[in-house]
Trainee: 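Here you go, one structure.
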Amino acid sequence: MDIYSEIILDRYKNPKNKGKIKNPDKKAEEDNPLCGDKIQIYLKLDKKGKISQAKFTGEGCAISQASADMFMETLIGKSLKEIEKIKNEDVIKALKIPITGPRTNCALLCLKATRDLHG
Amino acid sequence: MINTSQIKSDFPIFKRQIQGKPIIYLDNASTTQKPKQVIEKLINCYENSYANIHRGIYTLSEESTKAYENSRNLTAEFINANPEEIIFTKSTTESINLVAYTWGEKNIKKDDEIIISILEHHSNFVPWQQLCERKKAHLKIIPIKKDLTLDISAYKKLLTKKTKLVALSAISNVFGTIIPIKQFIALAHKKNAKVLVDGAQSIAHIPTDVKKLDCDFFAFSGHKMLGPTGVGVLYGKKEILKNMPPFLFGGDMIKSVTIKKTTFNDLPYKFEGGTPNIADIIAYSEAIKYLQKIGLKEIHDHELNLLKYAIKKFGNHKEVRLLTPPINQASGILSFTVKEIHPHDIAEIFNRENVCIRAGHHCAQPLMENSKLSATARMSFYIYNDFSDIDKAEKTLIKAINIFK
């Protein structure tokens with residue numbers, strides 16, 4: 001199986017969760033300087049403190065962008081404390097591709113960003 | 001004409017196949033592969049005549065010292081310098097930092113000006129940026145033109161009587177642009193500014209004559225010219241080196257040490273404190289001989305032929321944007337982007353066919369930002385590459401385009 005699966009390519013070319021949020025409650029930025037991947041994350045919280053909207057912008061390789069697009073969906077309904085508990089393996093598994101070595105950094109860029117939320 | 005198949009047979013690494021496919025190495029701007037002559041010299045040194053240098057009175061030490069100093073002599077000859085003007089360091093980066101920390105600290109004062117170009121590799125960008133910060137001096141940047149060459153008219157305007165140093169690459173590691181550094185040096189000298197040339201990318205690809213250039217410093221690495229890693233060279237004009245304080249203090253760079261005072265050794269040893277990278281520096285001599293046998297002019301011509309062929313082949317694809325200067329200022333480096341395919345993915349797919357290229361910002365983030373690029377893919381050619389390597393690369397490009405269609 002290929003890392004450039006249909007799902008990855010589709011998410012890369014037709015992302016479902018790409019864009020900015022006006023007046024986000026939380027945001028974050030993360031770079032992978034080794035290869036030029038960049039991610040910005042925007043979150044909106046509802047009255048109970050759960051994430052109601054999650055979007056990302058950025059540029060980078062297919063893996064980093066597709067992973068971010070899929071990751072945004074997993075954040076919906078979670079609290080900030082709950083997203084702190086998301087592990088690397090969870091993000092990698094969700095991609096359903098045989099990813100190894102330096103490409104895992106691409107896939108995990110979005111998760112890394114959530115470790116440094118501000119605003 | 002270079003006989004690439006003859007040359008390739010001198011490089012043991014090309015015997016290797018990965019998953020049944022040969023290695024197509026197109027990342028020579030990053031580092032070059034090693035011929036058996038260099039490898040055997042290294043092994044021979046350790047197996048037959050290894051000992052510390054400048055010390056012992058026994059045979060092994062004498063042989064080791066002779067071989068080490070022979071590398072220095074050959075290096076001097078290679079760039080038309082005097083041996084006492086050749087300092088061995090561990091890399092171009094260390095060579096440049098040596099100048100920043102010794103000449104720079106002594107000579108740069110508040111409100112002085114240092115000029116570099118937007119093309120600079122981080123190793124010839126950050127040391128000067130940091131020196132200016134420490135000294136409250138001003139860093140000025142020569143812009144590039146749309147054709148990816150340096151804007152010499154802008155440079156002339158940047159030069160003032162406050163300019164103390166100009167630090168420039170001889171060849172851009174991103175676009176392959178050959179800078180007409182002789183002109184830039186002459187202009188700097190008119191304003192009494194010194195010039196340091198970062199020759200990392202040029203030393204193995206075009207002839208170097210430091211006397212003709214009249215540069216004050218010239219830095220380069222052995223590993224980018226078929227030599228081992230851990231071998232760097234700094235050339236400096238004798239009078240300038242004499243007036244520079246030492247860099248690293250310790251053994252071998254001293255004449256005498258008492259509790260109260262130390263006097264320093266003569267050139268070049270003043271700048272070679274501590275046990276150097278003896279065996280690798282000795283092995284490096286074989287790299288110089290190997291290149292001299294082929295000839296730097298022949299190497300440049302060979303690379304230009306490959307570049308022209310690559311431009312033709314890759315230029316046939318409408319998705320590809322080539323980032324290359326006018327051919328008369330170009331060398332064997334070709335950066336490119338592909339519409340909607342990130343360079344990282346390009347390099348990954350190229351790797352499936354064992355075509356080794358580089359993707360990213362190439363240690364030139366200011367240049368990338370200035371050029372509004374997040375990253376490029378880069379192929380860089382050398383003496384063991386031929387047209388079939390480029391054909392392979394093009395086939396892989398087509399594969400990448402089809403995957404992302």
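Numbers restart at 1 for each chain; the letters A, B, ... are given by sequence-line order, proteins then strands. Everything numeric here is computed off the predicted structure, so don't read it as measured data.
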Trainee: Evaluate the ring planes of B:Phe404 and A:Tyr12, with Trp represented by its six-membered ring, and classify them as parallel (under 30°), tilted (30 to 60°) or perpendicular (over 60°).
Mentor: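 If you compare the ring of B:Phe404 with that of A:Tyr12, the planes turn out perpendicular.
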Trainee: First locate atom CH2 of B:Trp128, then atom CD1 of B:Ile96, and finally report the distance between them rounded to the nearest 0.5 Å.
Mentor: 7.0 Å
Trainee: Under 4.5 Å heavy-atom distance to chain A, tell me which part of B:Arg352 shows up: side chain, backbone, both or neither.
Mentor: side chain
Trainee: What orientation do B:Phe11 and B:Phe14 show, parallel under 30°, tilted 30 to 60°, or perpendicular over 60°?
Mentor: tilted
Trainee: Between B:Ser374, B:Gly360, B:Pro343, B:Ala375, who has the most heavy-atom pairs with chain A when the cutoff is under 4.5 Å?
Mentor: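 The residue among B:Ser374, B:Gly360, B:Pro343, B:Ala375 with the greatest pair count is B:Ser374.
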Trainee: Is B:Leu373 in contact with chain A via its backbone, its side chain, both, or neither, using a 4.5 Å heavy-atom distance?
Mentor: neither
Trainee: For chain A, which candidate among B:Met368, B:Glu348, B:Glu340 shows the most heavy-atom pairs at distances under 4.5 Å?
Mentor: B:Glu348
Trainee: Fit a plane to each ring of B:Phe336 and B:Phe350, take the angle between them on a 0 to 90° scale, and name the class: parallel (under 30°), tilted (30 to 60°) or perpendicular (over 60°).
Mentor: tilted
Trainee: Given heavy-atom pairs under 4.5 angstrom as the criterion, report whether the side chain, backbone, both or neither of B:Gln365 touches chain A.
Mentor: side chain
Trainee: Going by distance alone, is a donor N or O of one side chain under 3.5 Å from an acceptor N or O of the other, for A:Thr57 and A:Gln40?
Mentor: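 Distance-only check passes for A:Thr57 and A:Gln40.
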